[in-house]
Number of protein chains: 2
Amino acid sequence: MTSATSRPDTAAAQAPADPPVEARRPGRPRDPQADAAILQATVEVLCEHGFGAFTVDAVAAHAGVGKATIYRRWPSREALVLDAAATLVPQPDVPDTGSVRDDLIALMSGSFEDAASANKQQLMAAVTAEAVVNPEMKRLLRDYTQRRRDGSAVVVRRAIERGELPADTDPDFLLDLIAGPLFYRVQISGRPIGDEVVADVVDVVLRGLAH
Amino acid sequence: MTSATSRPDTAAAQAPADPPVEARRPGRPRDPQADAAILQATVEVLCEHGFGAFTVDAVAAHAGVGKATIYRRWPSREALVLDAAATLVPQPDVPDTGSVRDDLIALMSGSFEDAASANKQQLMAAVTAEAVVNPEMKRLLRDYTQRRRDGSAVVVRRAIERGELPADTDPDFLLDLIAGPLFYRVQISGRPIGDEVVADVVDVVLRGLAH
DNA sequence: GAGTATCGAAACTCAACCGTTTCAGAAGTG
DNA sequence: CACTTCTGAAACGGTTGAGTTTCGATACTC
């Protein structure tokens, strides 16, 4: 299953390696800006109304595009949503500042600084809820968290080597302890997240885990 | 707005205090079991398919009940969902064990021990997502979290008086630090929550907050 | 120029679902 | 008994939205 995430129509048929110039087929070429506009409109609509009230017509209106233009690129509403969600997944690179504290703050700031906006908050909640029902969405969410988990593992390993953390520190548990409060604050408490909050959480957890 | 959460039909009109015997009106009385069956079916359907695929027909089928029976009790699908969600909100009483550690463990166990079941997890995610869009649902969620917040405040105050926590401990921050990881674990990591996990989180946070 | 594939807009088909109504019975009142 | 209100089942009306098709126009290749 190559999944709905790929857009097979765009691929240049199965012609064997032609000159890299794309403009082969006759007819009006696809508007390259439309793809981006549709994806962005999808995100906007998703943010504003959640999954429940999400409609393809709304996306078309938002993007200033005909529905046919959307369905020529994505086979279904479902595929469109998945693709749009995928574009939102940031690629957190693992920081290496020399101290656990700064590493963790950097790791978390990248994940939550923009998540504090009302729109992203809405979207995160919607995706989380959808993931329980929709296996594809679950996979997407798992991939994302796995990447952050990997980052945490690297940071913790380096910290142990520097002697900043006990040798038996569980990176997954550490991630729960730090990402949890931030996530909870955004989702449930509904309070904003500033840099000082991230730092406070990291400080408490690191102090609690020491020794 | 007395809100959709009350079911006005059941209330005995506006007759001034009659003998408490209910059986006044002629005609077949309402099946008292139907109410519970409908609410439970609502929860089941909500758990299985989330808000998106939730239909009144499905509830009727699940409860073995006609749709008319549902609509005679609740004015709309929306009101039914809210009432069903309200029945799920536990009433956490504030523990007083004599130690912060045990108080916090008790407070959290009551909130998360059954939340670990796949069904409750699904429902919690769905309600969280819906709350961002639906004001009534947001109010319900806020009430629930506020109650837990109040509990946290009491526990923290007593702990400060006993000298177990610094005098400037912020109860809301403490709640974020403890409930957050548990919530995150259920929602995102998808890993189960046992008593030992709750205790571990509490221990780390208390140690981190001391001094 | 002829031919082809795209564009936005609008109309269409079809299915799902909300909420209402109808119906034949059942369970209470007097 | 007559009368009233509830029951589950089924059908109905109305709306909404997914996905398709049609349309005149546009942009490209040959």
Close N/O contacts between protein and nucleotides 9-11 of chain D (under 3.5 Å):
none

Find the distance A:D31:CG to D:dA25:C1' and express it as a whole number of Å.
-> 15 Å
Can you check whether A:R72 has a side-chain N or O nearer than 4.0 Å to OP1 or OP2 of C:dC7?
-> yes
What integer distance in Å separates A:Y71:OH from C:dT13:C1'?
-> 14 Å
Dump the pairs, protein N or O against N or O of nucleotides 13-15 of chain D, anything under 3.5 Å, distances to one decimal.
none

Can you pull every protein N or O that's under 3.5 Å from an N or O on nucleotides 1-4 of chain C?
| residue | atom | partner | partner atom | Å |
| --- | --- | --- | --- | --- |
| C:dT4 | O2 | A:G27 | N | 3.3 |

In short, salt bridge (Lys or Arg N to Asp or Glu O under 4.0 Å) pairs touching residues 175-194 of chain B with sequence neighbours left out are A:D176-B:R185, A:D176-B:R191, A:R185-B:D176, A:R191-B:D176
Pairwise 5' ranking along DNA chain C for B:P29 and B:D57, keeping only the more 5' one | B:D57
Would you indicate, yes or no, if C:dG8 has its OP1 or OP2 atom less than 4.0 angstrom from a side-chain nitrogen or oxygen of A:T69?
-> yes
Considering only heavy atoms from C-beta outward, does the side chain of A:S189 approach that of B:R149 to under 4.5 Å?
-> yes
Can you give me every donor-acceptor pair (side chain of residues 38-49 of chain A, partner residue at least two apart or in another chain, under 3.5 Å) with its distance?
| residue | atom | partner | partner atom | Å |
| --- | --- | --- | --- | --- |
| A:Q40 | NE2 | A:E44 | OE2 | 3.0 |
| A:T42 | OG1 | A:I38 | O | 2.7 |

By side-chain hydrogen bond (donor to acceptor under 3.5 Å, both in side chains), B:Q146 pairs with (sequence neighbours left out) B:D150
Look at the side-chain N and O atoms of A:R73 and state whether any lies under 4.0 Å from the OP1 or OP2 oxygen of C:dC7.
-> yes
So, are B:R147 and B:D143 salt-bridged, with charged N and O less than 4.0 Å apart?
-> no
